[in-house]
Amino acid sequence: MTMPGYPHGHPGAYYPPYPPAQPRNGVGTAAMIVGICGAVIGLVPFLFFLSGPLGLVALGLGVFGLVLARRGQSTNKGMALTGTILGGVAVLMAVGGLLFTLFVIDKADEENDALSEDRPPAAAAPEPSASPSAAPKPLKFGETYTYPDGVTITVDKPEPYELDRVAFGHKDGNLALQLKVTVENNGKDTLDLLAHVPYLRDAEGARASEIFDGRGATKVFTGKLLPGKRATTGFTYSVPPGAAKELQVETSANNDRPDLMWIGPGQ
């Protein structure tokens, strides 16, 4: 029988309250993990293009985690704060890595120019070989040059490059063109890959500027190349559309060798 006056039929019935909301601690934890990864990667030379984006992500997650902690929706404020700090450190390390890379490139170019100026002229130039790899004339994009010790270098045809949101050295309206350069050590000695960056001149003879972004538009050669090994990296340049019909690239396997020349269309 239902008792009158009580909608559920039982006087004094007890209904438990809603369970409390679970703390949203995942954001703060993610901020700390990403911040640690960004800071660790920032310690590796020439990997600033990875440290920067990770640092920005850690900063965003860390700030969001702090907001949640302030609202009482999370309980790991310390992790969120750690992620924010490490994210800022990773961003600063990325900026420092970029400046260091630009400094190394400038020094390498200066050393290369000094070597070219100090190199004495040859007494008698040898007769050019009929082999394309030994020809002193400019090579076409995609062709390979072989040094007497067996080391080869190849410059591929420029390809359009999709820039990251943040890019340095690029001018609005210009084309972003990337060159793939491959060095293969077919000799007997270890090859020291110095930080050498190719010169690129457009159809008007102007030198194009290198582009750096968060995705690694330009990566210089580093370290040593053992016999039988190959190394490939990309160099990206900002070129006016009207001056990309013919490009001229000068580079070599490292700074100890004279520059070679590749020519061809950029589009």
Side-chain angles (χ1 to χ4, degrees), residues 38 41-42 44-57 90-91 93-109 112 138-145 153-183 193-222 230-254 259-267:
I41 292 177
V44 182
F46 304 110
L47 288 185
F48 62 90
F49 54 89
L50 295 177
S51 176
L54 289 175
L56 292 175
V57 172
V91 172
M93 296 175 74
V95 174
L98 174 62
L99 295 177
F100 176 74
T101 301
L102 294 175
F103 172 77
V104 170
I105 291 173
D106 289 339
K107 293 295 292 183
D109 288 343
N112 187 59
L139 293 90
K140 297 180 180 180
F141 289 131
E143 292 185 340
T144 299
Y145 182 88
I153 179 171
T154 306
V155 178
D156 291 338
K157 180 181 177 181
E159 297 290 343
Y161 178 85
E162 184 177 352
L163 294 172
D164 199 7
R165 293 183 179 180
V166 179
F168 302 92
H170 183 62
K171 183 178 180 181
D172 291 340
N174 281 6
L175 300 174
L177 300 177
Q178 185 177 76
L179 293 165
K180 292 289 186 180
V181 180
T182 300
V183 177
L193 293 180
L194 301 178
H196 183 77
V197 177
Y199 289 91
L200 186 146
R201 298 188 183 278
D202 57 28
E204 298 177 356
R207 180 177 176 181
S209 61
E210 298 86 5
I211 301 176
F212 298 87
D213 68 355
R215 295 178 52 239
T218 295
K219 301 178 185 178
V220 297
F221 283 114
T222 58
R230 173 187 299 179
T232 301
T233 189
F235 302 90
T236 305
Y237 300 88
S238 180
V239 181
K245 58 184 179 180
E246 183 176 87
L247 302 179
Q248 171 184 315
V249 177
E250 298 179 33
T251 188
S252 63
N254 57 9
D259 281 348
L260 307 169
M261 184 181 297
W262 281 260
I263 58 174
Q267 293 180 306

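- Residues forming a side chain to side chain donor-acceptor pair (under 3.5 Å) with T218 (at least two apart in sequence, or on another chain): none.
- For R215, there are no salt bridge (charged side-chain N to carboxylate O under 4.0 Å, His left out) partners two or more places apart in sequence or in a different chain.
- Residues that satisfy the side-chain contact (heavy atoms from CB on, under 4.5 Å) test with V91, not counting sequence neighbours, are L56, L59.
- Side-chain atoms of P158 and F141, non-hydrogen and from C-beta on, do get closer than 4.5 Å to each other.
- T233 is linked by a side-chain contact (heavy atoms from CB on, under 4.5 Å) to K219, F221, F235, counting only residues two or more places apart in sequence or in another chain.
- Annotation: side chain to side chain donor-acceptor pair (under 3.5 Å) contacts of T182 (sequence neighbours excluded): T232.
- For D213, the side chain to side chain donor-acceptor pair (under 3.5 Å) partners are Y161, not counting sequence neighbours.
- Listed for the T236 side chain is no donor-acceptor partner under 3.5 Å among the backbone atoms of Q178.
- Between R207 and E204 there is no salt bridge, since no side-chain N of the basic residue sits under 4.0 Å from a carboxylate O of the acidic one.
- Residues satisfying the side-chain contact (heavy atoms from CB on, under 4.5 Å) test with A208, not counting sequence neighbours, are L200, Y237, V239.
- Residues L193 and A253 come closest through the heavy atom pair CD2-O, 3.7 Å.
- Formation of a donor-acceptor pair under 3.5 Å by the S252 side chain with backbone atoms of L260 is not found in this model.
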Evaluate the side-chain contact (heavy atoms from CB on, under 4.5 Å) criterion for residues L163 and H170: first the C-alpha distance (whole Å), next the side-chain angles of each, then the deciding distance (0.1 Å), finally the verdict. CA-CA 9 Å; L163 294 172; H170 183 62; 3.3 Å; yes

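- Annotation for G55 and A90: closest pair CA-CB, 3.7 Å, computed over non-hydrogen atoms.
- Residues passing the side chain to side chain donor-acceptor pair (under 3.5 Å) test with D156: none are found, sequence neighbours excluded.
- A pairwise comparison of heavy atoms in G266 and L177 identifies O-CD1, 3.6 Å as the closest pair.
- Note that OH of Y199 and CZ of R201 are 8.0 Å apart. Values are rounded to the nearest 0.5 Å.
- Shown here are the side-chain contact (heavy atoms from CB on, under 4.5 Å) partners of V57, two or more places apart in sequence or in another chain: V34, L61.
- Of all heavy-atom pairs between S51 and M93, the closest is OG-CB, 4.5 Å.
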Carefully, step by step, assess T154 and V181 under the rule side-chain contact (heavy atoms from CB on, under 4.5 Å). CA-CA 6 Å; T154 306; V181 180; over 6 Å; no

If you look only at distance, which donor and acceptor atoms sit under 3.5 Å apart when one is on a side chain in residues 240-250 and the other is two or more places apart or in another chain?
unit_1: Q248; atom_1: NE2; unit_2: E250; atom_2: OE2; d: 3.0

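- You'll find the side chain of I153 reaches within 4.5 Å of the side chain of W262, heavy atoms only.
- Of all the heavy atoms in I211 and A167, the pair that sits closest is CG2-CB, 4.2 Å.
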